[in-house]
Amino acid sequence: MALTRSGLQKDVLSLYRRALRMVRTKPPLTQPKFLLVLRYTFHANASAISPRNVSAIEHLLRKGTRQIEMYEDDAVKDVWVSSEMLQWQESWKNRRKTRESASPQAKLGQTIR
């Protein structure tokens with residue numbers, strides 16, 4: 001069964017993909033910083049508003065589009081990363097490791113070794 005997405009969901013995913021493409025155009029040393037800012041911003045905005053709050057989502061889409069356009073400029077070579085973003089990244093990595101180690105596939109892999 002195929003997953004049907006609303007127009008708003010498609011717009012958000014399109015903006016995220018555009019941002020990921022923008023990250024690849026930046027210098028290799030700064031790409032991880034741009035990726036962190038991207039992930040943190042999308043996560044913070046997604047967890048801050050209700051999925052039913054269409055006007056807030058549309059506002060964030062417009063704001064995000066302007067921000068991505070600014071970052072797409074060739075003159076932008078680096079981005080500032082806050083300590084809060086770095087802390088979020090560490091906790092995000094720890095959560096992923098915990099989930100992966102608790103998954104049945106990981107347990108199966110451990111017993112085979």
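Nothing here was measured: the structure is a model prediction, and the numbers come from that model.
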Give the table of side-chain donor-acceptor pairs shorter than 3.5 Å for residues 51-59, with sequence neighbours excluded, one pair per line with atom names and distance.
| from | atom 1 | to | atom 2 | distance (Å) |
| --- | --- | --- | --- | --- |
| N53 | OD1 | S55 | OG | 3.3 |
| N53 | OD1 | A56 | N | 3.3 |

Straight-line distance of W88 CH2 to R95 CZ, nearest 0.5 Å: 7.0 Å

Contact check, side chains of W80 and V37, non-hydrogen atoms, under 4.5 Å: no

Pairs where residues 34-49 contributes a residue and the test side-chain hydrogen bond (donor to acceptor under 3.5 Å, both in side chains) is met, not counting sequence neighbours: Y40-E84

Intermediate values then yes/no, side chain to side chain contact (heavy atoms under 4.5 Å, CB included), T65 and Q67: CA-CA 5 Å; T65 300; Q67 194 170 16; over 6 Å; no

Heavy-atom side-chain proximity of Q31 to L35 below 4.5 angstrom: no

F42 side chain reached by L15 side chain, heavy atoms, under 4.5 Å: yes

Within-4.5 Å side-chain heavy-atom neighbours: D74 and T25: no

Test log, rule side chain to side chain contact (heavy atoms under 4.5 Å, CB included), inputs L61 and L8: CA-CA 9 Å; L61 277 169; L8 207 53; 3.7 Å; yes

Close side-chain approach of E69 to R18, heavy-atom, < 4.5 Å: yes

Minimum-distance pair of heavy atoms, taken over all atoms of P28 and P32: O-CD, 3.5 Å

Within-4.5 Å side-chain heavy-atom neighbours: F34 and V76: yes

Inter-residue atom distance L20.CG - L13.CG, 0.5 Å rounding: 10.5 Å

Interatomic distance, N94 atom CG to R96 atom CZ [nearest 0.5 angstrom]: 11.5 Å

Closest contact, heavy atoms only, T4 versus Q9: O-OE1, 4.3 Å

Any Q89 side-chain heavy atom under 4.5 Å of V81 side chain: no

Minimum heavy-atom distance L38-A19, with the two atoms named: CD1-CB, 3.2 Å

Gap between atom CG of D78 and atom CG of L29 - 0.5 Å precision: 9.5 Å

Which residues share a side chain to side chain donor-acceptor pair (under 3.5 Å) with K26, sequence neighbours left out: none

Electrostatic pair R21-E72, nearest N-O below 4.0 angstrom: no

4.5 Å side-chain heavy-atom contact, T30 and K77: no

